[in-house]
2 protein chains.
Amino acid sequence: MPRRRFGDEPLDHPKWTYREPPSCHIDINVRSPTMSDESWSPPAVLLAVDLVILTLRDSRLSVLLVERGIEPHQGDPALPGGFLQHSCEDLRAAAIRELSEESALDASRLHLEQLGTYGTPDRDPRGRVVSVAYLVIAPALPEPIAGTDAADASWAPAEEILSGARRLAFDHEEIVTDGVERARNKLEHSPLATAFCDRTFTISQLQQVYEAVWGVELDPRNFYRKVQAVPGFIVSAGTERRSTRGRPARLFRAGSRTTLHPPLVRPDPPNPEEEER
Amino acid sequence: MPRRRFGDEPLDHPKWTYREPPSCHIDINVRSPTMSDESWSPPAVLLAVDLVILTLRDSRLSVLLVERGIEPHQGDPALPGGFLQHSCEDLRAAAIRELSEESALDASRLHLEQLGTYGTPDRDPRGRVVSVAYLVIAPALPEPIAGTDAADASWAPAEEILSGARRLAFDHEEIVTDGVERARNKLEHSPLATAFCDRTFTISQLQQVYEAVWGVELDPRNFYRKVQAVPGFIVSAGTERRSTRGRPARLFRAGSRTTLHPPLVRPDPPNPEEEER
DNA sequence: TGAATAGTGTCTATCAGACAATATCAA
DNA sequence: TTGATATTGTCTGATAGACACTATTCA
């Protein structure tokens, strides 16, 4: 089999032959080939993994971007990610691998969950590439993302991407939008906010997470009691204290609950025109 | 290229050569090949689409299952689904196609959303098959699922699958569990419950949805006002009425809101031992 | 008329949000 | 001492759940 550079020209990856070359429009009424059609076999696709890595930088929700080194979209900002390494690599393992390669982050301490799969046929000009996106939540880190393959990784405020002020390669803007939306929702019913914090944190640090991700302002006094009223959300972490200017605050760490009861309801939802009857 | 029957023996679908044959264990510390490694190209995988179709039958949350006609797991119950038809078929379109093929349901009237992607390397003995699962919500239908390819489709109570009383092929039990969990959660914050109902419905029918999916009993009087207090959730559908035995009920249809404010909070969460501090 | 279901009224314990007041640190 | 942040207290209007009661149909 001849060697070829990947990324230079469109892929012709289907190794199976069709009875008729498929015309690439979508017709839901067409009957699919069945297993008894001797000449048909399922088409293969390329599988990629992309990462939406969220963190708080300077009290703003931020996303890790890398500059693409090759075509297509060379030079454009994009999500970190890449193809499966070999055909039997687990999806989550591939996400963890990309995380350590492209961002030098230690996956074992981070929140990582599957976000969604993006498979629009024309999303990658090289051919049929289906991407499984993962959402990663990281605590604020020392400024530079050290020792990465893609040395040109950088944090971008999520708002710049959501507003369209910064354009990303492929369909990565949509993926970021979905990732931020997922994070905003999970803040209400899961302890996800603690994943933005260090192992121990103060209640006001936790509040900053909610304020940055939701884009709202919360009353510190009500927030203080509200989070403590949720059983298993946060637990006291000894008597140590952390101080900047004012009175030192108690330290807490994440509890063991995975769902919050009662939930922390997001205030002031865009509740527009009353349209009920 | 020789023709071969699909499903008879393991696939050797990777068309690219590796520098070293991959050993199929997961090592997150291994460096992946980079684009500058001339001899490496991304591996291809087979992509399938599986459907978790939920409905209410006899006031019970039920899942549509089909009996597998071929190996592996021949004769076992499984989720409806199948491979992409051709390499440029859109994922959602493939889900809609499977829906009409395997269940004869009209996708244009149903709720359909992506659920998750399942890609454990050994989940399919035929080779590397990655499956994108979709969640479908259907209103109660006339008994038989007519005119299907897999004529042996049938509804199974979700509880039988969640409890392990009924085993499914592949990792489909896990997929069903995730689908039911997704539905249970979305009932709180989205109008998903209306997708279980006909175009018009009574409030007590809507209540039955909540009771069946959540597995709880609700007070009809409080439920009655609660749902109407959510702006845009349900809107009155004229003055028509529907009656069985007692007083006829007003009819409603789904409103235009996609999120519910305030949410309908699920009662009595398994709130176990108090573990706070 | 009685059974059954739909819909309304009302009470109460609890909660969310507003905000005053106090505590404890650094400079 | 002052400024800043943390923590506690208290008040008030809204709400969730319990449940009595009325309304409207069919058998």
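Numbered from 1 within each chain, the chains take letters A, B, ... in sequence-line order.
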Qualifying ring pair (Phe, Tyr, Trp, His ring centres under 6.0 Å) pairs, either residue in residues 184-205 of chain A, two or more places apart: A:His189-B:His189
B:Arg57 and B:Thr55 side chains, donor-acceptor separation under 3.5 Å: no
Distance in angstrom units between A:Phe223 CZ and C:dA18 C1', rounded: 17 Å
C:dC15 OP1/OP2 closer than 4.0 Å to side-chain N/O of A:Lys226: no
Partner residues of B:Thr117 under the side-chain hydrogen bond (donor to acceptor under 3.5 Å, both in side chains) criterion, sequence neighbours left out: A:Thr117
A:Asp219 and A:Tyr224: side chain donor to acceptor below 3.5 Å: no
Whole-Å gap separating C1' (D:dT10) and CG (A:Asp219): 14 Å
Atom-to-atom span, CG of A:Leu218 to C1' of C:dC19 - whole angstrom: 16 Å
What are the atom names and distances for every N/O pair under 3.5 Å that joins the protein to nucleotides 4-9 of chain C?
| residue | atom | partner | partner atom | Å |
| --- | --- | --- | --- | --- |
| C:dT5 | OP1 | B:Arg245 | NH2 | 2.9 |
| C:dT5 | O2 | B:Arg247 | N | 3.2 |
| C:dA6 | OP1 | B:Ser204 | OG | 3.0 |
| C:dA6 | O4' | B:Arg247 | O | 3.4 |
| C:dA6 | N3 | B:Arg247 | NH1 | 3.3 |
| C:dG7 | OP1 | B:Arg250 | N | 2.8 |
| C:dG7 | O5' | B:Tyr224 | OH | 2.9 |
| C:dG7 | O3' | B:Arg250 | NH2 | 3.4 |
| C:dT8 | OP1 | B:Arg250 | NH2 | 3.3 |
| C:dG9 | O6 | B:Arg225 | NH2 | 3.1 |

Steps toward side-chain hydrogen bond (donor to acceptor under 3.5 Å, both in side chains) verdict (A:Glu174, A:His172): CA-CA 5 Å; A:Glu174 179 189 356; A:His172 288 186; over 6 Å; no
Spacing of B:Glu217 atom CD relative to D:dG17 atom P, expressed in whole Å: 15 Å
Electrostatic pair B:Glu173:B:Arg167 at N-O distance under 4.0 angstrom: yes
